[in-house]
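Just so we're clear, the structure is a prediction, and the values are computed from it rather than from any experiment.
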Amino acid sequence: MSAIIAGTYNSRDTGGTPLSAGGVTRAGVLYRSDALAGITDDGIRTLSDSPIGTIVDFRSDFERVEAPNRLGTERSFVEVGLPLLEGSMTGMPSPGDLGDLGDLDGEAARAMLSRIPSLADLYVGMLGSAAASFAEVARLVARPSDESRGAVLVHCTAGKDRTGVATALLLDAAGADRAAVIADYVQSEANLAGDWADRMLERARSWGMPMVPALTDLVTATPPQAIETAFAWIDERGGSAEYLRGGGLSDDDLEALRSRLAG
């Protein structure tokens, strides 16, 4: 699938996702992407001409400073920063830690590598700590401040994990077909394969990180089992709508979200 914003790898409109009750989600309401730091002049024009009025950035402060979004000056956007990973990454080894693996004995190195979370664990940790942030995204989609530019674009660095969980939650709460939501999540791995994935893995190598499967999956993969585990965790707690209510989303906002996405 080709990115819709030139200079990104994983941008797309979630419109057209099949609904469980029939029909599809509305186009021009909820977009998802990887970081917007490298978008081209054509990409800036695409953004300017789009119905997108709000851009939600799930990256940390460090990520945003390191690779600021390039949005151009043709028009303004409401930019909302909602960093998501802090609560779920506690205990993961730092690049400096991993760079010292060669100085450790086998048992110590294995113990350090075991601190790299699986994607499923990452998502469950994220869900456990960020309900209020996900509910805020739902409100932004449900209640646009400017109807003429009412669409919301959500993104992180890769557009696959923080963004993938957020869009899966919102689409599921709006009544999208679960299999179609999972397929949308899985699509990111193919979108990022090649140049983007190669650059990110090379960067990890430059930090001294070993290219073990757990790490390469964390950087580049979107296996269906990961988002299925996230959904299982959500379903045990009443489903996506109830999860968003627990984060502070009102019943009226939930109905507005469904109306915006499903029509």
So, for [X] and [Y], which heavy atoms are closest and what is the spacing to 0.1 Å?
X: V181; Y: D172; answer: CG2-N, 4.5 Å
X: G248; Y: A135; answer: N-CB, 4.3 Å
X: G150; Y: R260; answer: O-NH2, 2.9 Å
X: S11; Y: A3; answer: OG-CB, 3.4 Å
X: L244; Y: A138; answer: CD1-CB, 4.4 Å
X: Y185; Y: L119; answer: OH-CD1, 4.4 Å

So, taking the atom named [atom1] in [X] and the one named [atom2] in [Y], what distance separates them when rounded to the nearest 0.5 Å?
X: L47; Y: D42; atom1: CG; atom2: CG; value: 11.5 Å
X: I227; Y: T222; atom1: CD1; atom2: OG1; value: 9.5 Å
X: D177; Y: L171; atom1: CG; atom2: CG; value: 11.0 Å
X: D121; Y: M126; atom1: CG; atom2: CE; value: 11.5 Å
X: C156; Y: D161; atom1: SG; atom2: CG; value: 6.5 Å
X: F134; Y: R162; atom1: CZ; atom2: CZ; value: 10.5 Å

If only atom types and distance count, is the side chain of [X] paired as donor or acceptor with the main-chain N or O of [Y] below 3.5 Å?
X: E74; Y: S48; result: no
X: T8; Y: S33; result: no
X: R59; Y: A67; result: yes
X: T17; Y: T14; result: yes
X: R149; Y: S50; result: yes
X: T229; Y: A120; result: no
X: K160; Y: A221; result: yes
X: R258; Y: A173; result: yes
X: S259; Y: E255; result: no

Do [X] and [Y] sit within salt-bridge range, that is, some charged N less than 4.0 Å from a carboxylate O?
X: R64; Y: D61; result: yes
X: D41; Y: R70; result: yes
X: D235; Y: R178; result: yes
X: E242; Y: R245; result: yes

With no hydrogens and no angle check, just 3.5 Å: does a side-chain donor-acceptor pair link [X] and [Y]?
X: D146; Y: S148; result: yes
X: S133; Y: E136; result: no
X: N69; Y: H155; result: yes
X: S188; Y: R12; result: yes
X: T167; Y: R32; result: yes

Report the C-alpha distance between T220 and L192 in whole Å, list the side-chain angles of each, state the deciding distance to 0.1 Å, and finish with yes or no for side chain to side chain contact (heavy atoms under 4.5 Å, CB included). CA-CA 7 Å; T220 66; L192 296 169; over 6 Å; no
Under 4.5 Å between side-chain heavy atoms, counting indirect links through other Ile/Leu/Val/Met/Phe/Trp/Tyr residues: same cluster for [X] and [Y] or not?
X: I44; Y: V78; answer: no
X: I39; Y: M200; answer: no
X: L153; Y: L140; answer: no
X: V186; Y: L169; answer: yes
X: F77; Y: L30; answer: no

Mind checking whether [X] and [Y] have side chains closer than 4.5 Å, heavy atoms only?
X: V29; Y: T25; value: no
X: L127; Y: R237; value: no
X: Y31; Y: I5; value: no
X: N191; Y: W196; value: no

Can you check side-chain hydrogen bond (donor to acceptor under 3.5 Å, both in side chains) on N10 and D34, steps first, answer last? CA-CA 5 Å; N10 199 20; D34 50 317; 5.5 Å; no
Given E202 and R199, is the salt bridge (Lys or Arg N to Asp or Glu O under 4.0 Å) satisfied, shown in steps? CA-CA 5 Å; E202 182 55 39; R199 285 191 294 105; over 6 Å; no
Which of parallel (below 30°), tilted (30 to 60°) and perpendicular (above 60°) describes Y243 and W233?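 Perpendicular, since the angle between the ring planes exceeds 60°.
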Determine, step by step, whether F231 and I182 satisfy the side chain to side chain contact (heavy atoms under 4.5 Å, CB included) criterion, reporting the C-alpha distance in whole Å, the side-chain angles of both residues, the deciding distance to 0.1 Å, and the verdict. CA-CA 10 Å; F231 273 133; I182 292 171; 4.2 Å; yes
Under the side-chain contact (heavy atoms from CB on, under 4.5 Å) test against V80, which residue among V152, D57, T54 passes?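 Filter result, single survivor: T54.
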Residues R139, D252; criterion salt bridge (Lys or Arg N to Asp or Glu O under 4.0 Å); working and verdict: CA-CA 10 Å; R139 272 190 293 272; D252 286 347; over 6 Å; no
